[in-house]
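Report on the structure given below.
We number each residue from 1, following the sequence as shown. The structure presented is a predicted model; accordingly, all values stated were derived computationally and were not measured.
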Amino acid sequence: RPERRRGLVTSCNCPVRMDLTWDFVSAAAPLVAGMLLVPRLDALQLRDQRSANDIIRNLAYSEANVAQGRWWTQFTYAFVHASEEHLVGNLLSLLPHAYMVHGTFGGNWLPIFFGGVFAGAYDRAGKRYQAARGLSEPLALRRHAPTILEPAADAVDRVTRQVAEWLAPSIVRSMNFVGASAGVWALQGTCLCLSVEQLVLTLWHGDYASMRSLPAMFFAHGISILSLSGRVLSTASSLQAGASSALVDHSGHLDGFIFGIGAYAVLRFVQLGHARRSRRPMVVRGGVLGYSETSSDGSRRLGGR
């Protein structure tokens, strides 16, 4: 029998929804198929440069494409990949994170993904900042200058940064962006919030059955939290230091990650408001928060949508 605590219901007897996997596959299949159907640019450029240029013009994101009215490229660039390795790497990260989000928010993982894709494309300031840091920081003199010459090195570095900031918009306008990384990072941001949430709720509202699995849960979610947090810190540090590769849109990754965190907050707020209006208690099952639904046989099940 569920036990009420602080307006929530904790229970370990809620049946697992067996349709989750099929729902996820039916939602993910068109997305994955679209990525697989678009040819990879490295191989296509060797066979047919004209077709590769058409894909870049009509599907890849660039400021020039948007300025010429091809606004949809702010979404479709996620289906274009530079190489097979690029595609496989994104899919291997996309599918497990999308499945975790789907288990809590259902099909809302798709808007989170495409919202992150759009956020990664829309942030022109971030791209220009990355381009400017990539130009100025490798040329910085202060880190190599002797102490007596540091004031002069600082003056030269300031001029270098100003020139880099002046050149950055032109550089970004000439760049084309492809890949689903920003959307994947959005899902990772949501997953980070879910991992933290599950640990906190298990400790705060968990029953005996969920507490027995606490060491394994701490290990699994702890590794996830440390891994995702480490990637974010490493990306931000590389961006600040100008060490990021010109082939990787680190600013877009961070934009997607931030969008994923915001999407988590909005969806949880909506779920809590829906539960309050429908007078259905929230349920914590194995550290997962959702509202309680009543099935046809009168039993309660966990709703995550």
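Here the CD1-CD1 distance, from I112 to I261, works out to 11.5 Å after rounding to the nearest 0.5 Å. From T73, atom OG1 reaches atom CG of L59 across 8.5 Å, with rounding to the nearest 0.5 Å. With rounding to the nearest 0.5 angstrom, the CZ atom of R133 is 14.0 Å from the NE2 atom of H250.
Between the side chain of N58 and the backbone N or O of D54, at least one donor-acceptor pair lies under 3.5 Å. Judged by distance alone, with hydrogens and angles left aside, the side-chain atoms of Y77 form no donor-acceptor pair with the main-chain N or O of I56 at under 3.5 Å. Checked by atom type and distance alone, the side chain of D123 never pairs as donor or acceptor with a backbone atom of L254 at under 3.5 Å. For the pair Q68 (side chain) and N65 (backbone), a donor-acceptor distance under 3.5 Å is absent.
Among K127, R128, R70, the single residue meeting the salt bridge (charged side-chain N to carboxylate O under 4.0 Å, His left out) criterion with E63 is R128.
Contact of the V248 side chain with the H253 side chain is registered, since non-hydrogen atoms from C-beta on lie closer than 4.5 Å. Side-chain atoms of L95 and F24, non-hydrogen and from C-beta on, do get closer than 4.5 Å to each other.
No side-chain donor-acceptor contact under 3.5 Å links Y61 and T76. Under 3.5 Å, the side chains of Q188 and S93 contain a donor-acceptor pair of N or O atoms.
By the criterion of side-chain heavy atoms lying less than 4.5 angstrom apart, applied directly or through intervening Ile, Leu, Val, Met, Phe, Trp or Tyr residues, L199 is grouped together with V196 in one hydrophobic cluster. By the rule that hydrophobic residues join a cluster once side-chain heavy atoms approach within less than 4.5 Å of another member, F113 and V101 end up as members of one cluster. Hydrophobic clustering (side-chain heavy atoms under 4.5 Å, transitive across Ile, Leu, Val, Met, Phe, Trp, Tyr) groups L41 together with V38. No continuous path of ILVMFWY side-chain contacts below 4.5 Å connects I258 to W185, so the two sit in separate hydrophobic clusters. Residues L36 and F79 share a single hydrophobic cluster, defined by chaining ILVMFWY side chains whose heavy atoms lie under 4.5 Å apart.
Nearest heavy-atom pair across L192 and F257 is CD2-CZ, 3.5 Å. Nearest heavy-atom pair across P39 and I55 is CD-CD1, 3.8 Å. Taking every heavy atom of both residues into account, A98 and L187 meet most closely at CB-CD1, 3.9 Å. When all heavy atoms of A164 and L135 are compared, the closest pair comes out as CB-CB, 3.8 Å.
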*What's the verdict on side chain to side chain contact (heavy atoms under 4.5 Å, CB included) for Y129 and E165, showing C-alpha distance, side-chain angles and the deciding distance?*
CA-CA 8 Å; Y129 177 82; E165 291 171 0; over 6 Å; no
*Is there a side chain to side chain contact (heavy atoms under 4.5 Å, CB included) between L31 and F114 once you walk through the steps?*
CA-CA 11 Å; L31 180 66; F114 282 108; 3.8 Å; yes
*After noting the C-alpha distance and the side-chain angles of M100 and S195, does the key distance pass the side chain to side chain contact (heavy atoms under 4.5 Å, CB included) rule?*
CA-CA 10 Å; M100 180 177 177; S195 292; 3.5 Å; yes
*Let me see the working for V32 and L91 under side chain to side chain contact (heavy atoms under 4.5 Å, CB included), right down to the final yes or no.*
CA-CA 8 Å; V32 175; L91 288 179; 4.2 Å; yes
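Legend: side-chain hydrogen bond (donor to acceptor under 3.5 Å, both in side chains) pairs involving residues 35-47, not counting sequence neighbours, sorted by first then second residue: R40-E84.
Partners of T160 by side-chain hydrogen bond (donor to acceptor under 3.5 Å, both in side chains), not counting sequence neighbours: none found. With sequence neighbours excluded, the residues forming a side-chain hydrogen bond (donor to acceptor under 3.5 Å, both in side chains) with N53 are Q49, listed by chain and number. Applying the side-chain hydrogen bond (donor to acceptor under 3.5 Å, both in side chains) rule to S251 yields the partners D249; only residues at least two apart in sequence or on another chain are considered. Shown here are the ring-ring contact (aromatic ring centres under 6.0 Å, His included) partners of H81, two or more places apart in sequence or in another chain: H86. For S227, there are no side-chain contact (heavy atoms from CB on, under 4.5 Å) partners at least two apart in sequence or on another chain. For W166, there are no side-chain contact (heavy atoms from CB on, under 4.5 Å) partners, not counting sequence neighbours. Under the ring-ring contact (aromatic ring centres under 6.0 Å, His included) criterion, Y122 pairs with F118, not counting sequence neighbours. Residues forming a side-chain contact (heavy atoms from CB on, under 4.5 Å) with Y264 (at least two apart in sequence, or on another chain): F105, T190, C193, L194, E197, R268. Residues meeting the side-chain contact (heavy atoms from CB on, under 4.5 Å) test with A27, sequence neighbours left out: W109, L110.
The local environment of CZ in R57 is sparse, with at most 12 non-hydrogen atoms from other residues, nucleotides or ligands closer than 6.0 Å.
Using cut-offs of 30° and 60° for the angle between ring planes, the H102 and Y99 rings count as parallel.
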Expected list for residues 172-182: side-chain donor-acceptor pairs under 3.5 angstrom, two or more places apart:
residue: R173; atom: NH2; partner: S170; partner atom: OG; Å: 3.3
residue: S174; atom: OG; partner: I171; partner atom: O; Å: 2.7
residue: S181; atom: OG; partner: N90; partner atom: OD1; Å: 3.3

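If you chain together ILVMFWY residues whose side-chain heavy atoms come under 4.5 Å of each other, V88 ends up grouped with L92.
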